[in-house]
Amino acid sequence: YRFIRPWIGDGLLTSKGSKWFRNRRLLTPAFHYKVLKPYSEIFNKNSLVMVDKFKKVCGQSVEVHTHVGLMTLDTMLQCAMSTNTNCQHVTDHPYLMAVKEVGDLLMERSRQPFHFFDWMYNLSANGIRNKVVVKVLHDHTEKVNKEQDFEVNQILPVFNVIYTQYTCHSLGSYNYSLLAHNHTFVQIIAERKEVLAKAVNDEEKDSEMEGFQTIKGKVLDFLDILLQSKVYGKGLTDIEIRDEVDTFLFEGHDTTSSGIAWALYHLAKYPEFQTKCRDELTEVLGDRKYVEWNDLPKLEYLTKFIKESLRLKPPVYIMGRQLEEPLKITEKSSGRVSTIPVGTNVSTSIFMLHRHENFWDNPTVFDPERFTKENIAKRPAFAYVPFSAGSRNCIGQNFAMNEMKICLAQVIRNLRLYIDGDSPVPKMLPRIILQSESGIFIRLE
Ligand code: HEM
């Protein structure tokens, strides 16, 4: 995770020790059900924007992952900072292109042992590109002029010309898309502090969540929580808040986007399960257009379907750690003990675990019934860990499951999904998050 730090800073995913412990406690209220509950409306609205786009291309084979990525980004920006960018209507969104670019650079670096040394990487072509990009990106994010209010589409071509001189097209665009929107983190934090401080009396502030307030009529977002969260009277600094928001933006949109896109593929591939999900939705929702908070626990079949999809295509398919103490491993058959020394980088493959024959019969067969209560009870608890487990498990897992359920429900209710024989079969591509090399194509009717 060291390689990702220049981008997402020292947020919850990358920090460790006492800093991580303190910040995990400070961030936990952001995922309380009272905070997550109002997000259902955002999930519904944004999913329906995506569904409307799909309706316009009915009958054609569509690459859905890009559209889903825009939807989850839209959602994350609204839930994290109440920022409305209308980004679902942009093609080739600079932020998404930048995420892909950074991911590619990171994977290239992780395959070249010499580039593990910072000084050697910094001298390489990719290292220079990465460094310039990240520096330019951060510098300009912080130096932004408050008065500017450009339309992204007007300003990008100008800056792209300048930025392709130094670096990749998309990161230049990303930097200036932030500038153009006048939505830098530093600015947003300063503005929000001002607004919260001005709204001094209870009539102007409002929230269902005890100890946290926001402006009346506005959803209590992650930023409100991060600004007001305190442990022993001490909160997060502005830079820490920026790192956490950066972490949420990345962890919170790319992962769910991968999870939803692969689930759409599985719905198209297995029409019998698609029908079962649709029948359940009709039974639970009746004629209602929106999936409400109280509906979510009732969508049992859809939940089993999503879990099975995350088993075979886990968005976070591998986790890395550096050993802080020696690790003893005993080989079961021979009893031989091996010790892995301190400092070794080790990885746990969630992908392999989810397909391990010791825990799963016919592991490659897609079967949502693996997730009935009885079948779950037959397996060791740690055989299925799409959100990891233990103290460093995914803090956003309820957010993610709610978003996935609502988004898939809206697609299933409004459209039928098919696999088009002429489209490429998705081929898994291990990037920071699991992707498909050829995109994910589905025909929608
Ligand atoms: C399908 C969606 C998601 C999946 C599969 C997923 C999976 C994971 C996994 C496996 C980890 C552990 C990584 C490690 O220890 O190396 C993790 C950590 C984390 N996730 Fe998620 N995640 C998802 C969605 C989200 C969302 C929506 C958010 C935020 C809104 C989020 C925020 C985080 C954070 C901050 C951590 C670090 C937690 C810590 O170390 O204390 N994730 N996630």
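Order of appearance sets the numbers: ligands from 1, and atoms from 1 within every ligand. We use all heavy atoms of the structure for the numbers below, so side chains are in, but hydrogens, waters and symmetry mates are not. Index from 1, following the sequence. Remember, it's a predicted structure, so these values are computed and weren't measured experimentally.
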Practice prompt. Examine the side chains of K218 and S82 and answer whether a donor and an acceptor come within less than 3.5 Å of each other.
Written response: yes
Can you find an N or O of [X] that's nearer than 3.5 Å to an N or O of ligand 1?
{"X": "R321", "answer": "yes"}
{"X": "S388", "answer": "no"}
{"X": "T247", "answer": "no"}

With heavy atoms only and a cut-off of under 4.0 Å, state how [X] meets ligand 1: side chain, backbone, both or neither.
{"X": "F387", "answer": "both"}
{"X": "P386", "answer": "backbone"}
{"X": "N393", "answer": "backbone"}
{"X": "R24", "answer": "side chain"}
{"X": "F31", "answer": "side chain"}

Tell me, please: is [X] in heavy-atom contact with ligand 1, that is, under 4.0 Å?
{"X": "G252", "value": "yes"}
{"X": "E244", "value": "no"}
{"X": "M76", "value": "yes"}

Discussion item. To check you understand the geometry: which heavy-atom pair defines the closest contact between I350 and P314, and what is its length?
Written reply: CG2-CB, 4.0 Å
Practice prompt. Assert yes or no for the condition that the ring centre distance of H67 to F54 is strictly below 6.0 Å.
Written response: yes
Fill in: Ring centroid separation Y39 to Y33 under 6.0 Å
no
Fill in: Per-atom contacts of ligand 1 with W20, taking only distances under 4.0 Å to non-hydrogen atoms
39 (C), 40 (O), 41 (O)
Worksheet entry | For A400, the ligand 1 atoms whose distance to one of its heavy atoms is below 4.0 Å | 2 (C), 24 (C)
To check your reading of the model: name the closest protein heavy atom to [atom], its residue, and the distance in Å.
{"atom": "atom 16 (O) of ligand 1", "answer": "Y1 OH, 2.5 Å"}
{"atom": "atom 36 (C) of ligand 1", "answer": "L13 CD1, 4.2 Å"}
{"atom": "atom 25 (C) of ligand 1", "answer": "E251 O, 3.5 Å"}
{"atom": "atom 1 (C) of ligand 1", "answer": "M404 CE, 3.7 Å"}

Item to complete: Identify whether the distance between the nearest side-chain nitrogen and carboxylate oxygen of K276 and E280 falls below 4.0 Å.
Response: no
Worksheet item: How are the rings of F371 and W360 set to each other: parallel, tilted or perpendicular (split at 30° and 60°)?
Response: tilted
Worksheet entry | Results of side chain to side chain donor-acceptor pair (under 3.5 Å) for D52 - residues two or more places apart only | none
Discussion item. Run the side chain to side chain donor-acceptor pair (under 3.5 Å) test against E308 and tell me which residues pass, sequence neighbours left out.
Written reply: R311, R370
Discussion item. side-chain contact (heavy atoms from CB on, under 4.5 Å) for D295 and R288? Distances and angles first, verdict last.
Written reply: CA-CA 11 Å; D295 296 325; R288 274 185 290 122; 2.8 Å; yes
Discussion item. Evaluate Q410 against V291 for side-chain contact (heavy atoms from CB on, under 4.5 Å), listing each step before the verdict.
Written reply: CA-CA 8 Å; Q410 290 298 2; V291 183; 4.3 Å; yes
Discussion item. With a 6.0 Å cut-off (strictly less than), is the heavy-atom count around CG of D361, excluding the residue itself, greater than 12?
Written reply: no
Worksheet item: So do L26 and E244 actually touch side chain to side chain, heavy atoms under 4.5 Å?
Response: no
Check each of [options] against [atom] and report the one with the nearest heavy atom.
{"atom": "atom 11 (C) of ligand 1", "options": "C394, C79, P315", "value": "C394"}
{"atom": "atom 2 (C) of ligand 1", "options": "V385, T75, T255", "value": "T255"}
{"atom": "atom 34 (C) of ligand 1", "options": "I395, I318, I306, T348", "value": "I395"}

